[in-house]
Each structure stands twice: as C-alpha cells, then as structure tokens.
There are 2 protein chains.
Amino acid sequence: MSNDSQSKHDQKLVHVLKTSAAIFAEKGYHSTSIRDISRATKMSLAGLYYYFASKEELLFLIQDHCFSTVTMDCKRLIAGVEDPIQKLKLVVENHLNYFVKNMNEMKVLSHEANSITGDWFKKVNSKKRQYVDLVKNLLGEIARSQEVKGIDLRVATFSLFGMMNWIYNWYDPRKDADVTELARNITRIFLSGFLGSVLPEAAETGRESHLERPVSVWPQ
Amino acid sequence: MSNDSQSKHDQKLVHVLKTSAAIFAEKGYHSTSIRDISRATKMSLAGLYYYFASKEELLFLIQDHCFSTVTMDCKRLIAGVEDPIQKLKLVVENHLNYFVKNMNEMKVLSHEANSITGDWFKKVNSKKRQYVDLVKNLLGEIARSQEVKGIDLRVATFSLFGMMNWIYNWYDPRKDADVTELARNITRIFLSGFLGSVLPEAAETGRESHLERPVSVWPQ
DNA sequence: AATAACATCGAACACTCGTTCGAATTAATC
DNA sequence: GATTAATTCGAACGAGTGTTCGATGTTATT
C-alpha cells in the first residue's frame, strides 16, 4: 500500500521539523541540544538521526523549506498583476501573513541566518538573494514610474525588510492587531514614505549633521 | 600614584569587552567560547575571570554599557529642542550613527537580546523599554500635533526600530553611503510615511485581504 | 626590604555536546 | 510464515564547554 501524497516517513519528518523550529525559535539554534528535540518529540537521541544527518542539516531543512514556500507563494500571488504598486502591496501582505502564521520558522530564518555554514549556507543564501532582488526590482520599477528621487534603492529595500522581519521581536498576536491591519500599517508607512516626496521642506532644516563628533561606546 | 579618570584595570577591561564584542558579533554569543576570547586577547583562560565573573556577565557588561551610552547621548542631544519632529530626526541620526560607529556592540545588543537571562536580562530590558518608550512618546507627540490618523503607534515605533536595527544585516560602510546619508534616507522614508496621509486613495484599492487562505510552511 | 594588594596563569574538574554503532523491534513484501 | 526492508533505540565515545583553585609573578605601600 503506497500513500498518495505524503508518506508516513515524510509526515514524521515534518513533525520533527516543526517541533525543532519551535525550540530553535524559543532558545536559539546553538543553545538547543538534540536532547531537547529528543525530549520534545518523544523520540530517542539516535532515532532522530534517521530523519536528518546532522543538527546543521536539520536547520537547513527548516530554512530551505521556509524560504521556498514564501518565495513561491509570493511569485504566484503577483503573477498577472500589472501595477507595480499593487504588486508590492501583495508582496508585503504575503510576507507578513506568512511571518505571523509561521512565526517559529520565520524567526529561525531571520535570526539564525548565520548559524548555517558551508554549502547549506550558500544554498539558502541564494534563495534569499533571489527573494530580495525580486523586491528590490519592484521598488526600482516603482521608483522609475513615480519618479522617486533621493532615495537609495538598497537602503529602501532593506528598510522594508527591516520593518517586516523585525516583527518577531515584538509582534504578539494576542496583543496586537491582526495581520491585515499590520500589513496595512506597514505598507502605508513604507510606501507613502518611499513615494512621498511630500515631507514639508520646513522640516528639512538642519541638513548638516547635528552630531559634534563620532561617538564610541568605549572611551578611546 | 592614582590615575585620573581611568585606571589601568578599567582600560584592560574595556579592551576585553571590545574584543569580546567583536567575536560575539562575528560568531554569535553561544558559539563563542571563553577560549576564543582568551586567544584573541592573548590572556589566559583563568586570567580573564579576573575581569568578569561569568560569560553571561561579560555579555551583560557589553549590552549594559552600550545601552546606557546610546540612551544618554540621545537624551543629551534632544534636551532643549522643542519641535518633536526635529527631536525625532536627532534620535534617528544618533541611533544610526552610534550603530555604525559601534557595529559590533550594537549587533550584540540587537542579536543577543535573548541570550541573556535572569536579573541581567531584567536590567538590560528595563533600559531598553525606557529607550523604546522615549521614541514611542515622541511619535505620539508628533501624531497628535500633526493629526496623524490610522497608524498604530506600536506598529509605527517598532517599524522604525526595525528599519534602524536591521542594518547590521546588510550595512557595509565600504559599499553603502555614509551614516548621514543613511540617516537622511531612513528618516525621510519613515517620517514622511508616518506623517504622510498623502498616499493616493487610488492606490488604496483592494482593502480586503488578497490571500485566499492562511498559508502554512508545512502541510497540514 | 618586608608586606600587602593586585594580576596572571597551568592544570584540572564536572558536565554537556553531537554523533555513531550494533542490536532490537516493527512493517512490508514475497 | 519466512525474508527483507524500514524504523527505533540504549549505550557509549571523544571532543569541547564554563568555571575553579592554588600557586606564582608583579606592582604599590609601608
């Protein structure tokens, strides 16, 4: 008897990955031991290694799967849409919705980006770059069509990602507004800021830096 | 013979803290061993413990010092300034300048916020809350005076911090514009987005969510 | 020069870590 | 029901961890 879509094996792997992601999200990758995962999954230490080859591969499986899905969903969502602004709104909405719905995995993706090394790092990073470029190009398109001036495209792109990816540090679904409202807020702040050449010139006074001298944490 | 401002002991402590911050920033707190720090400072393993009581206290010393300085500089900078918008600009400028000038320490502050526990965590966290509230209140002041509507203050505050704190993930002083330009970009994007009620209503179409169903990373 | 305080270190301890291996158990196939 | 394959596990290994301790060297004070 062969299963249709998902074998027993894959189902259990998914369960292991989901449980691990939750612990990684809570304690961090490096301070999570395989023994922690063993305890949470009620599997033996050695038994876990039937599902992944090493702790780092486990991290890779989580990150890779997560990135693949969010990118795929994103591309599918904006396919066919013409207006680049509309596209961007969909991208932000997708990203935030995905983030909130899969907070553990996304936190592992954001926070443990440098906990993975070697070829695994390369593979995840190339997917990341692909996703970032998609957004950057979208912003470029918008900038051209709306004649946005004086904003560095790289700064703008990472400012947007900063806004979106930072939420794992503060967003609490029980306390804060739902995702739709969150997406509306962030989209509006970013987009109207990115487009908005409208900051009153009066507020632009003091163009030079106000800092007398470079400040350093430690004396000398 | 007593030293005036900084004793020999404090100077060496500062050196240890700065070196440790650099390694923590590069490898992460949990995968940095005291032996790594021993190697980098050319001090013996046991010798280091003359300057701090435990690895976690070392992390605390870095974070606490960093937070104290940035908050103090910030308050000093905006003291006497009336216009809340002008104040905010100074806060952003100070934060980013500090971040870039002390990238290692600030990365440790941002990225290892949950690597510290117990009373140390409480102490650092209360300083953090103080700083965040300062910015939040400033935004509230601006919102009232400029009649900003429809933006959640909490979302706005953390969006700003997201933009600013995310830079350790991408900012490269050799590649990107200098801090003044960076601050100008980020201030403009955020402030004109926060104030800007000016997003054309045409672009506000599609108020309902475009996502057909909640998406989850893992099937089921 | 003797004393006290400061500073440094080698060597070890107790512990946790990721990983492996061979055997045992269960499920699938013939 | 026998054979093969898939899955699980207890027990251990070797390496690395944070931390301590007693001793030694160094500097400042009397």
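Side chains are part of it too, since the values below use all heavy atoms of this structure and drop only hydrogens, waters and symmetry mates. A note on names: the letters A, B, ... follow the listed sequences, proteins ahead of strands, and every chain is numbered from 1.
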Ring-plane angle category for A/F190 and A/F194, please: parallel below 30°, perpendicular beyond 60°, tilted otherwise.
parallel
Are the ring centres of A/Y51 and A/H9 closer than 6.0 Å?
yes
Starting from P on D/dG18, measure out to CZ on B/F60 and report it in whole angstrom.
20 Å
Between P of C/dT8 and NZ of B/K42, the distance in whole Å:
15 Å
Using side chain to side chain donor-acceptor pair (under 3.5 Å) as the criterion, list what pairs up with B/D176, not counting sequence neighbours.
A/R154
Which label fits A/H95 and A/Y131: parallel for a plane angle under 30°, tilted from 30 to 60°, or perpendicular past 60°?
parallel
For each nucleotide in nucleotides 17-24 of chain C, reading 5' to 3', give B when a protein heavy atom comes within less than 4.0 Å of its base, S when such contact involves only the sugar-phosphate, and - otherwise.
BBBBB---
Determine the interplanar angle of the B/Y168 and B/W166 rings, folded into 0 to 90°, and report it as parallel if under 30°, tilted if 30 to 60°, perpendicular if over 60°.
tilted
Enumerate all atom pairs, one protein N or O and one N or O from nucleotides 3-7 of chain C, separated by less than 3.5 Å.
from, atom 1, to, atom 2, distance (Å)
C/dA7, OP2, B/Y50, OH, 2.3

For the side chain of B/Y171 and the backbone of B/A177, is there at least one donor-acceptor N/O pair under 3.5 Å apart?
yes
Please confirm whether the ring centroid of A/F67 lies under 6.0 Å from the ring centroid of A/F60.
no
Test item: A/D178 side-chain N/O and A/E181 main-chain N/O as donor-acceptor pair under 3.5 Å
yes
